[in-house]
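Just below is one structure, and these are the notes that go with it.
Quantities reported herein were computed from a predicted structural model and do not represent experimental measurements. Only this structure's heavy atoms are used, side chains among them; waters, hydrogens and symmetry mates stay out. Along the sequence shown, residues are numbered consecutively beginning with 1.
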Amino acid sequence: MSRNKKLGLREYWSTDKLLRSDIFSEIMCRDRYLVLLKMLHFSDDNKNSSDRLQKISSVSSRLQKSFKDLFYPFQNLCIDESLLLYKGRLSFKQYIPAKRSRFGIKTYVLCDCKTGYVLDIIVYTGSESHVTENMENIDKTGNIVLTLLKPYLGKGHSLYVDNYYSSPALFNLLHRNVTVKRSGTVKRRRKGMPVMDRKLEKGEVDFRTSRKEISIATFHLELIRQIFRKYHKNDVRQSGPKSADKYPLRLTGRHFPAIYTNDKTKRKCALRKCIVCTKNGVQRQSHYQCKTCDLGLCVYPCFQTYHTKLHY
């Protein structure tokens with residue numbers, strides 16, 4: 001539709017040369033389509049219900065089930081609100097000036113960050129929105145997050161939200177459900193937030209916690225430990241002599257590059273496969289070797305890498 005945009009439904013069956021699209025008339029005539037569209041109905045009007053989405057509840061339920069069944073998300077998930085443009089008469093129509101559409105139907109959407117795939121949605125219909133979770137210790141936005149995230153709790157996912165949803169109570173609850181990370185902006189006046197009255201300059205960092213048993217010194221030490229565990233290098237560096245009991249022979253003693261010679265070949269300059277290049281998937285031969293280790297090595301950087309790194 002977007003590549004050949006029309007201003008109205010009838011234009012899809014137009015015979016004008018500038019607007020004509022034969023594919024629609026070949027599948028169905030215009031009048032038949034308009035009659036079917038007028039009669040399209042998904043609910044039983046004889047049933048009394050306070051659900052504002054009663055007329056499309058069966059369709060929306062099937063869609064939500066299909067979203068979940070057809071794709072399992074990657075680690076990172078995000079929740080945000082979306083606004084579907086609609087300017088007709090509707091009791092739960094919203095006006096959000098910050099959104100591009102401004103007028104429309106608001107939905108809360110759970111998406112996979114890597115692909116942008118929509119995993120689940122909740123249509124906002126006021127106080128009657130389909131929010132299944134109702135925990136008293138968190139607010140309404142927190143219950144929305146739990147409703148959308150329920151199938152993925154305790155499975156190692158990371159959640160990213162904005163300040164509309166984030167709160168200390170919600171994040172502590174997600175932490176107990178083994179959701180690996182919870183990250184997002186936050187409002188200073190949110191219930192349970194510690195006092196944050198300092199104005200930070202560009203590049204400055206400050207820390208607050210709502211848990212009194214954790215000091216900032218303890219937090220810094222734990223942060224440093226996690227950084228070391230995640231980003232430590234495999235270089236084996238030691239100020240004193242290395243012990244042969246702890247490290248392999250190639251990391252101890254003295255090693256020097258030497259020209260490789262082979263009496264069995266008639267070539268003046270014999271070649272030998274470099275063990276470091278071979279291990280990294282590169283087929284390369286060198287004129288040099290380490291006599292002590294009896295292995296072929298490129299002079300630089302493979303010779304240094306092989307004798308200084310535990311995992312090369």
### Query
Taking the side chain as C-beta and beyond, is there a heavy-atom pair between F103 and L90 under 4.5 Å?
no
### Query
Is there a path from F67 to L70 through hydrophobic residues (I, L, V, M, F, W, Y) whose side chains come within less than 4.5 Å of each other?
yes
### Query
Is L153 reachable from I122 through a run of I, L, V, M, F, W or Y residues, each pair having side-chain heavy atoms under 4.5 Å apart?
yes
### Query
Taking K99 for the side chain and E81 for the main chain, is one N or O donor matched with an acceptor at less than 3.5 Å?
yes
### Task
Indicate yes or no for a side-chain donor-acceptor contact from S286 to the backbone of L297 under 3.5 Å, with no hydrogens or angles considered.
yes
### Query
To the nearest 0.5 Å, how far apart are OG in S167 and NZ in K187?
11.0 Å
### Query
Tell me, do L34 and R10 make a side-chain contact under 4.5 Å, heavy atoms counted?
yes
### Task
Could you tell me which residues satisfy ring-ring contact (aromatic ring centres under 6.0 Å, His included) with Y117, sequence neighbours excluded, listed by chain and number?
F71
### Message
Using side-chain heavy atoms (C-beta onward) and a distance below 4.5 Å, is L173 in contact with L146?
### Response
yes
### Query
Once you round to the nearest 0.5 Å, how far does NE2 of H287 lie from SG of C298?
10.5 Å
Which atom pairs, one a donor and one an acceptor, fall under 3.5 Å between side chains of residues 277-284 and the rest of the protein, sequence neighbours left out?
{"from": "T278", "atom 1": "OG1", "to": "C274", "atom 2": "O", "distance (Å)": "2.7"}
{"from": "N280", "atom 1": "ND2", "to": "V276", "atom 2": "O", "distance (Å)": "2.7"}
{"from": "N280", "atom 1": "ND2", "to": "Y312", "atom 2": "O", "distance (Å)": "3.4"}

#### Entry: Evaluation steps, side-chain contact (heavy atoms from CB on, under 4.5 Å), between V145 and L159
CA-CA 10 Å; V145 172; L159 176 67; 3.8 Å; yes
### Summary
Distance col, row I224:CD1 vs Q226:CD, nearest 0.5 angstrom, shows 11.0 Å
### Query
With distance as the sole criterion, is a donor-acceptor pair present between the side chains of Q75 and S158 under 3.5 Å?
yes
#### Entry: Enclosure of Q304 CD (heavy-atom neighbours >12, cutoff 6.0 Å)
no
### Query
What are the two closest non-hydrogen atoms of F303 and P257, and how far apart are they?
CZ-N, 3.3 Å
### Task
For Y72, check side-chain hydrogen bond (donor to acceptor under 3.5 Å, both in side chains) against everything at least two apart and list the hits.
H157
#### Entry: Donor-acceptor pair, side chain of R52 and main chain of S129, under 3.5 angstrom
no
#### Entry: Partner set under side-chain hydrogen bond (donor to acceptor under 3.5 Å, both in side chains) for D112, not counting sequence neighbours
T115
### Query
So, Q64 side chain and I121 main chain: donor-acceptor pair closer than 3.5 Å or not?
yes
### Message
What verdict does the side-chain contact (heavy atoms from CB on, under 4.5 Å) test give for L84 and T107, after you've listed the backbone C-alpha separation in whole Å, the side-chain angles of each residue and the deciding distance to 0.1 Å?
### Response
CA-CA 8 Å; L84 177 65; T107 56; 5.9 Å; no
### Query
Does the side chain of Y108 come within less than 4.5 Å of T147's, by heavy atoms?
no
### Query
Do V161 and T141 come within less than 4.5 Å of each other through their side chains, counting heavy atoms only?
no
### Task
Could you state whether F24 and L9 fall into the same hydrophobic cluster, counting links through intermediate Ile, Leu, Val, Met, Phe, Trp or Tyr residues with side-chain heavy atoms under 4.5 angstrom apart?
yes
### Query
Between L83 and V109, is there a shared hydrophobic cluster once you connect ILVMFWY residues whose side-chain heavy atoms come closer than 4.5 Å?
no
### Chi angles and distances behind the side-chain contact (heavy atoms from CB on, under 4.5 Å) call for Y306, L295
CA-CA 10 Å; Y306 183 75; L295 291 169; 2.9 Å; yes
### side-chain contact (heavy atoms from CB on, under 4.5 Å) assessment of L174 paired with L149
CA-CA 10 Å; L174 292 177; L149 207 61; 3.9 Å; yes
### Query
Can you tell if the side chain of I138 reaches within under 4.5 Å of the side chain of E133, non-hydrogen atoms only?
no
### Query
Residues in side-chain hydrogen bond (donor to acceptor under 3.5 Å, both in side chains) with E204, at least two apart?
R198
### Query
Looking just at side-chain N and O atoms, do S21 and N4 make a donor-acceptor pair shorter than 3.5 Å?
yes
### Query
Under a 4.5 Å side-chain heavy-atom rule over Ile, Leu, Val, Met, Phe, Trp and Tyr, are Y152 and V131 clustered together?
yes
### Query
With N137, which residues qualify under side chain to side chain contact (heavy atoms under 4.5 Å, CB included), at least two apart?
M135
### Query
Going by the salt bridge (Lys or Arg N to Asp or Glu O under 4.0 Å) test, which pairs reach into residues 55-76, not counting sequence neighbours?
D45-K55, K65-D69, K68-D120
#### Entry: Spatial distance of atom OG (S25) from atom OH (Y12) [nearest 0.5 Å]
14.0 Å
### Message
Suppose we screen for side chain to side chain contact (heavy atoms under 4.5 Å, CB included). Which residues come up paired with C78, at least two apart in sequence or across chains?
### Response
C111, C113, Y160
### Query
Below 4.5 Å, heavy atoms only, C-beta onward: do L110 and L77 meet side chain to side chain?
yes
### Message
Please enumerate all residues that pass ring-ring contact (aromatic ring centres under 6.0 Å, His included) together with H255, with sequence neighbours excluded.
### Response
H307
### Test side chain to side chain donor-acceptor pair (under 3.5 Å) applied to R272 and N262, T261, D294, the passing residue
D294
#### Entry: Value rounded to 0.5 Å, distance of CZ in F42 from OG in S60
10.5 Å
### D162: partners by side-chain hydrogen bond (donor to acceptor under 3.5 Å, both in side chains), with sequence neighbours left out
none
Which pairs would a plain distance check flag for residues 91-98, meaning a side-chain donor or acceptor within less than 3.5 Å of a matching protein atom at least two apart in sequence or in another chain?
{"from": "K93", "atom 1": "NZ", "to": "G88", "atom 2": "O", "distance (Å)": "3.0"}

### Query
Any salt bridge (Lys or Arg N to Asp or Glu O under 4.0 Å) pairs touching residues 20-40, not counting sequence neighbours?
R20-D22
### Message
Once you measure the plane-to-plane angle for W13 and Y33, does it fall in the parallel (<30°), tilted (30-60°) or perpendicular (>60°) bin?
### Response
tilted
### Message
Can you give me the closest heavy-atom contact between R89 and Y86, atom names plus distance?
### Response
O-OH, 3.9 Å
### Task
Using modelled atom types only, decide if a donor and an acceptor are shared between the side chain of R190 and the backbone of N163 within a distance under 3.5 Å.
yes
